Amino acid sequence: QVQVVESGGGLVQAGGSLRLSCSASGTLIGAKTMAWYRQAPGKQREMVASVTNSADTNYADFVKGRFTISRVYLKNTLSLQMNSLRPEDTGAYYCYVKFIVGPRGDYWGQGTQVTVSS
């Protein structure tokens, strides 16, 4: 029922910025949690930032002060503003959506590629 779609990835030079967007459609229920994860080739997927239905945010240490996560609650849309990008930020970025009511479960987007060059 729930479909998750990301957009906004691309190629950027170190020090530059990108803004990722995510939309979870197929339900009128607001998600409990929406988050961004990333995965570099040959590495494990790691949490980048998350936001709850009460607007509490959490950031991985490696992005604090550089990235900002935001959402529109009932629309189940999510953004990640990424500033001061570094080559080590390169990877596939995935939108994660968790519902505890309505369509209960965990949902993932297909990913969007972010590449940061030196």
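These numbers were taken from a predicted model, which means no experiment stands behind them.
- Listed by first and then second residue, the ring pair (Phe, Tyr, Trp, His ring centres under 6.0 Å) pairs that reach into residues 69-92 come to none, sequence neighbours excluded.
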* Asked: Between T90 and V114, does a side-chain contact (heavy atoms from CB on, under 4.5 Å) hold up when you go through it step by step?
  -> CA-CA 5 Å; T90 294; V114 172; 5.8 Å; no
What side-chain donor-acceptor pairs closer than 3.5 Å can you find for residues 20-30, not counting sequence neighbours?
from : atom 1 : to  : atom 2 : distance (Å)
T27  : OG1    : I29 : N      : 3.1

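- Annotation: side chain of M82 is not in contact with side chain of V12 (no heavy-atom distance under 4.5 Å).
- A search for side chain to side chain contact (heavy atoms under 4.5 Å, CB included) contacts involving S84 returns R66, not counting sequence neighbours.
- Applying the side chain to side chain contact (heavy atoms under 4.5 Å, CB included) criterion to D106, with sequence neighbours excluded, gives Y96, K98.
- For the salt bridge (charged side-chain N to carboxylate O under 4.0 Å, His left out) condition, the pairs that include at least one residue of residues 33-54, sequence neighbours left out, are R38-E46, R38-D89.
- For the ring pair (Phe, Tyr, Trp, His ring centres under 6.0 Å) condition, no pair includes a residue of residues 12-36, sequence neighbours left out.
- Annotation: salt bridge (charged side-chain N to carboxylate O under 4.0 Å, His left out) contacts involving residues 108-118, sequence neighbours excluded, are absent.
- Ring pair Y107/F99 is perpendicular by interplanar angle, where above 60° counts as perpendicular and below 30° as parallel.
- The stretch residues 10-27 participates, sequence neighbours left out, in no salt bridge (charged side-chain N to carboxylate O under 4.0 Å, His left out) pair at all.
- The shortest side-chain heavy-atom distance between Y94 and V4 does not fall under the 4.5 Å cut-off.
- L11 and V116 fall into different hydrophobic clusters, where Ile, Leu, Val, Met, Phe, Trp and Tyr are joined by side-chain heavy atoms under 4.5 Å apart, directly or via other members.
- More than 12 heavy atoms of other residues, nucleotides or ligands shown are found within 6.0 angstrom of CD on E88.
- Contact check for L18 versus L85: side-chain heavy atoms found under the 4.5 Å cut-off.
- Between M34 and C95 the shortest heavy-atom distance is CE-SG, 4.3 Å.
- Between A35 and I69 the shortest heavy-atom distance is CA-CD1, 4.3 Å.
- Side-chain atoms of T112 come within 3.5 Å of backbone atoms of G9 as a donor-acceptor pair (strictly under, hydrogens ignored).
- Taken from CZ in F67 to CG in N83, the straight-line distance is 8.5 Å, to the nearest 0.5 Å.
- For residues 77-86, no pair satisfies salt bridge (charged side-chain N to carboxylate O under 4.0 Å, His left out), with sequence neighbours left out.
- Looking at S17 and Q81, their side chains come closer than 4.5 Å, going by heavy atoms from C-beta outward.
- Follow the hydrophobic side-chain contacts under 4.5 Å out from L74 and you never reach V101; the two are in separate clusters.
- Under the side chain to side chain donor-acceptor pair (under 3.5 Å) criterion, Q110 pairs with E6, not counting sequence neighbours.
- Evaluation of the disulfide bond (SG atoms under 2.5 Å apart) test over residues 35-66, restricted to residues two or more places apart or in two chains, returns none.
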Please list every donor-acceptor pair under 3.5 Å in which a side-chain atom of residues 47-54 meets a protein atom from a residue at least two apart or in another chain.
from : atom 1 : to  : atom 2 : distance (Å)
T52  : OG1    : S54 : N      : 3.2
T52  : OG1    : S54 : OG     : 3.0
T52  : OG1    : D56 : N      : 3.2
S54  : OG     : D56 : OD2    : 3.0

